[in-house]
Q: 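Could you have a look at this structure, given as structure tokens, before my questions?
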4 protein chains.
Amino acid sequence: MRNIYVEFPNERPLDKQDVELVERKGIGHPDSICDGLAEGVSRALSQEYVKRFGHILHHNTDQVELVGGRSTPEWGAGEIDTPMYILLSGRATTQVGDDVIPVGEIAIEAARKYLKENFRNIDVDTSVILDQKIGMGSSDLRSVFGRKGIPKANDTSFGVSFAPFSLTEQLTYEVERYMNGTMKKKVKASGEDIKVMGERYKDEIILTICNGMVSKHIKNIGDYKAIIEEMTGLVRDFVAGITDKDVRIEINTGDDIDNQSVFLTVSGTSAEMGDDGSVGRGNRANGLITPYRPMSLEATAGKNPVNHVGKLYNLLSKEIACEIACEGADQVYVRLLSQIGHPIDQPLCADVQVVGPMKLEKRAVEITDYWLENIQEMTEKCLKGKAETF
Amino acid sequence: MRNIYVEFPNERPLDKQDVELVERKGIGHPDSICDGLAEGVSRALSQEYVKRFGHILHHNTDQVELVGGRSTPEWGAGEIDTPMYILLSGRATTQVGDDVIPVGEIAIEAARKYLKENFRNIDVDTSVILDQKIGMGSSDLRSVFGRKGIPKANDTSFGVSFAPFSLTEQLTYEVERYMNGTMKKKVKASGEDIKVMGERYKDEIILTICNGMVSKHIKNIGDYKAIIEEMTGLVRDFVAGITDKDVRIEINTGDDIDNQSVFLTVSGTSAEMGDDGSVGRGNRANGLITPYRPMSLEATAGKNPVNHVGKLYNLLSKEIACEIACEGADQVYVRLLSQIGHPIDQPLCADVQVVGPMKLEKRAVEITDYWLENIQEMTEKCLKGKAETF
Amino acid sequence: MRNIYVEFPNERPLDKQDVELVERKGIGHPDSICDGLAEGVSRALSQEYVKRFGHILHHNTDQVELVGGRSTPEWGAGEIDTPMYILLSGRATTQVGDDVIPVGEIAIEAARKYLKENFRNIDVDTSVILDQKIGMGSSDLRSVFGRKGIPKANDTSFGVSFAPFSLTEQLTYEVERYMNGTMKKKVKASGEDIKVMGERYKDEIILTICNGMVSKHIKNIGDYKAIIEEMTGLVRDFVAGITDKDVRIEINTGDDIDNQSVFLTVSGTSAEMGDDGSVGRGNRANGLITPYRPMSLEATAGKNPVNHVGKLYNLLSKEIACEIACEGADQVYVRLLSQIGHPIDQPLCADVQVVGPMKLEKRAVEITDYWLENIQEMTEKCLKGKAETF
Amino acid sequence: MRNIYVEFPNERPLDKQDVELVERKGIGHPDSICDGLAEGVSRALSQEYVKRFGHILHHNTDQVELVGGRSTPEWGAGEIDTPMYILLSGRATTQVGDDVIPVGEIAIEAARKYLKENFRNIDVDTSVILDQKIGMGSSDLRSVFGRKGIPKANDTSFGVSFAPFSLTEQLTYEVERYMNGTMKKKVKASGEDIKVMGERYKDEIILTICNGMVSKHIKNIGDYKAIIEEMTGLVRDFVAGITDKDVRIEINTGDDIDNQSVFLTVSGTSAEMGDDGSVGRGNRANGLITPYRPMSLEATAGKNPVNHVGKLYNLLSKEIACEIACEGADQVYVRLLSQIGHPIDQPLCADVQVVGPMKLEKRAVEITDYWLENIQEMTEKCLKGKAETF
């Protein structure tokens, strides 16, 4: 009934091939800002629905458009001239009987909170215009949410993931997490807009990093150079903790130091000076963009975690792939395809491709079955903000 | 050169006539909110221009549109369902040479500050969407601001005012100031959206007051009734301090107590539930709407205080009328008409109509001349926030 | 029951006084554009409501904000660089039972139609962004519209008007109508943004006219000068058909011909290059702005013509004043004050001030009573687009 | 210098594997509408830049957000209640010296034109609100466009494609093209919002099609059923012209015919009733979404075709893959990776994976080299609207 297929294609896993390419847009990239806002709004709505009605109601807030502003960064200073404009849209249930749910207010509040918590150099009060056009959901869809039992799939759609990360993927992912994490305490001048591009040709790995630097914390071009060098050293040390291999680290190599044309920002994100963003154009649910791996184009962030298979199947396939990989597979690709109107635990097809020992077949089936059986655990994780969506 | 004309028309002053009618929209009325925001933005820009360039630059921010939201007030509680939407527009100088002035950011910041300082029941972070479309001013107009000497009038326009207030006018004005002032400390349930309509027929004065009440501070309909009665008593006492005459006080008489259909709000203003507002549709610069008195239609709030005669002449005529009235006139009407391109201290016509002793003519001319001579004092008052514009 | 008071104040009518001042903003002035759009939307909605339900439903669309664009006029050419942005807002009934009224679509359609019919040089498809945020009306107000009999006043408000026009007023009004009417056929280069300021000092009348000229129809500065002269001649001839008096005509005297800094536009309105507009800041319901006459600040355009006394009483007082003036009064001032919740034919006070023979008292009462009795005729006129509102 | 690598991985081509999954969002899907608008705006700007300056200037208009409206479809009728709202954003060069380019107007005009030409059931005048917030591009980027020679890459980014289409892919693609092409003439009731999901398990191919039907052309539920059956027959015949294999065709199988809950629209697209859309979330540059194939996440539509490698490399890799496939390869994957600041004909890496005879290596290198050498042909194709981007 769950239509689980396990294949063992005769392929070399990606890390045995010659070329690899992977990208991670850090949390301050305009696309990631939109993903974060979309998911934050969905989570806040879900929590409010649960509080009021005992279960999540229909919504999909996976539509956020960020229109970049204008700014004038200066050494040791800088100003936002035109605020960035953020439009929250999508659908949500605004009324149940006579009970009106303040969707607009919840969305704005959640968005402000997300920005405040994640972007220490953005003054949310004055540098951001938060607008919202969240409409009412269609009534048919709304009705299905109250029912008992496993929800029905909202659409014919698919989720895709893989495991494990290759070394290049791991480095690409971890380095952004490090730079936007513990490194931030040491280097105040590093903004949140960090893009890491990992490339491998045979044994040679290069991490090309673009980091929007925060002008008020940098005195002059000399200071800028010194900070970039400091960061390069820190990242090199961090990478050395993960691998013995020689990894080239290049930070802001597009800079033209002589002409002082460098990646300088007021707020730590290029959204302040003209870079636009939207949901679903950045990282996949596993945190990476992987042109050498299968991907789903469904935006995971912002969709309702009850019956939107575009969200749930992306998250679920990640869990399934990871667990099978833990059992000893070299490479696992998982693709889940839903059937509109059918219970979400019964996909049209759950396709698992394993590069590894054939004996894994049974475990692969068990793991896949377990997660489909318990798909509503994923809904809970989303509700609690424990599911990574970008 | 200042074309000052003083007339002594053979009229009964308004308070000797049979009928009088006057209105004041309190600071929480949607139109007044817009006036306050427009002036707040203009003041913040003016101060920034002075800080950077030593003088105010061209701007006119007398365009604010408030689109009402939706709300669900409830006894002892209540929620904003859809935030009100406020669009700041107008023109301002955004650049001088290479120096970019962060007009958008200054405007948003000033607007937030104004709302926070004046509306204790509005959560600016979540109940208001503040948007801005402030454009660049035309370059010709911008150039005149840097010049030495008396600025040239920006337009052919006029300012109008009168003095003194009749008793009905005084009561209408003072009662709103009292209710939104010292009374607020005693009656937490009184919102800022207060409209006072003063009517007099012969000796009978009625003050009809609409006050948006704040739901979270009112337990039930009985409590509501009690609070309205308390307020009626307080206003009656306040009025008794001004006049011995019998004045009828009617607060929220449009309420249908039996059906619990009363003027209840979450935030203290009807803007939360569908009442829109814009600049220039409420009080004149003297704080009143007076269909029995001459009025100017020029919005005073938000215009630049350097050469916009629509602002300066309204403010100036108020000062002139008041001073002449102090000299012993029963009624003074002042109308100032500018000539585009001429220095603002040289109106095409300064028309003063006095009901009172003919001997006042000389003082009337002197006072009018003084204020035209010192018109730039008014610019200073605006800059310091000491000019009342609505 | 209709509380009609007729007074005969001992005043000189305005045209016997020394100074007069009057202004008319032509249909292409940004404020008038907004008035026209607001009324057009209200009319379209009213007609649709009547078609569907047999009577007009609750709405007030007296909120339009126009944010000026940017343009580059050139001799014989010119372009709109940034479209003007027009936000239609206000309230309307969007649903009755299961019947959804396409308010947004009706509003946009009506707005487009109004712009297309009145502005031959505006390309509505590309030079204008028409947005709408028309909300749902409050349910209480909506319910009163279906009832039989005379509607109840929506608010405590007043309407004000006067008659007859003085010569200065007549000229101010008629000259704009002429220039935007039959003169347009002869002078293609004259845009719709025409402001006429009429001033009289004793016997001297000056009409100061600002007219946005259309660049594509003007070859060069010489051509411009010639066209202004032609227009001046045409207006002089037109005025000569109305009065024998000497009237000075000044068109675009703010121009700096030597520096080619003249009032040139692409579309015939200054809205294209930064002049903003809103409803209710321009002409009163009689088509004029009259600081020497009593005025109401209520915007007439866009309000519902069923129970909004801010609209109906302004229109009604104009009719009443005109008819009484026709009976031989030198000057008539009419002020109607409503009582919230009372039938609109029963004002709290209908105050008529007549300068003229005392014998007019009876006719004044009859005429006022007639119009109150038949106030719903005014609703019909609005519905058919026969009521002038600005 | 062009870093071309050709690999021959030991893989089964996709059509020899057990499972395949592919999707195409038709031109009326909200995401595709946004893609089409983005590309239309970019093309119009490019053409205008060429006309004025001889070459394309900097712009990226790959940001369009569509917020769905509300509608009431009815048998034989139907209305749009709330227009859909479309926000065009991105960046473009608005000024060169004194020459102002009317970017806003060009964008709105291009968007209207695109909608009019492609959606016969959308009334662009009244059912769509077209807004724009296209900002000014950053000056550094703008300067590079005027230079002679091969442009430098704007970013470190990649393009990905493959060839040939498998049968399932071909059917998925062709069926939408047929349904939105010649079938439209026979079946007026078929709207433009068509989503085709192609699934293959071993030899069994299913095409699941969702088609928004146009209510005014359908009399009742019986008529609806008959039209769906007619369409199913037509598609079956069309497919029979491509393959002998048995292909299951399912159109609107999510319908609940008994309860008349079917996919009915007024305008032929679900954007009218709440489905939002944005650029880059639908088809890749080859017209498909292929979770079993490598994909790039870069939105192709709307980017500048001069130096945006996110656009050019996606288009180029498609050409390269197709030509190599024509030489006899079973499967070709092409990935091009740029180096920021380097000429776009010199990628960091051009990785070609061929499943097929090893002798193709030389041709693969030649073809790849040729297309890199002639990358500016692709710019020309975009300019002429001959490059398919979604």
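Numbers restart at 1 for each chain; the letters A, B, ... are given by sequence-line order, proteins then strands. Heavy atoms only: backbone and side chains are in, while hydrogens, waters and symmetry mates are out. Here the structure is a predicted model, which means the values were calculated and not measured.
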Q: Counting only non-hydrogen atoms closer than 4.5 Å, does S127(C) touch chain D with its backbone (N, CA, C, O), its side chain (CB onward), both, or neither?
A: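 Both parts, backbone and side chain.
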Q: Tell me, do I80(D) and P102(C) make a side-chain contact under 4.5 Å, heavy atoms counted?
A: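 The answer is no, as the side chains (C-beta and beyond) never meet within the 4.5 Å cut-off.
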Q: Write out, in numerical order, the residues from residues 111-121 of chain C with a heavy atom short of 4.5 Å from a heavy atom in chain D.
A: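 If one takes a 4.5 Å heavy-atom cut-off, the residues of residues 111-121 of chain C near chain D are R112(C).
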Q: More than 12 non-hydrogen atoms from neighbouring residues, nucleotides or ligands closer than 6.0 Å to CZ on R43(C), yes or no?
A: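 Yes, CZ of R43(C) has more than 12 neighbouring heavy atoms, counting only those of other groups under 6.0 Å.
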Q: Give me the atom names and distance for the closest heavy-atom approach of E105(C) to P83(D).
A: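 Where E105(C) meets P83(D) most closely, the heavy atoms are N-CD, 3.9 Å.
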Q: Rounded to the nearest 0.5 Å, how far apart are CD of E109(D) and CG of D123(C)?
A: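 The CD atom of E109(D) sits 7.0 Å away from the CG atom of D123(C).
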Q: Give me the atom names and distance for the closest heavy-atom approach of E79(D) to V100(C).
A: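 Closest approach of E79(D) to V100(C), heavy atoms only: OE1-O, 4.0 Å.
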Q: Between I129(C) and Q132(D), does a side chain to side chain contact (heavy atoms under 4.5 Å, CB included) hold up when you go through it step by step?
A: CA-CA 8 Å; I129(C) 289 175; Q132(D) 68 93 18; 3.6 Å; yes
Q: Exactly one of I108(D), L130(D), D125(D) should register a side-chain contact (heavy atoms from CB on, under 4.5 Å) with D125(C). Which one does?
A: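 With D125(C) as partner, I108(D), L130(D), D125(D) yield a single side-chain contact (heavy atoms from CB on, under 4.5 Å), made by D125(D).
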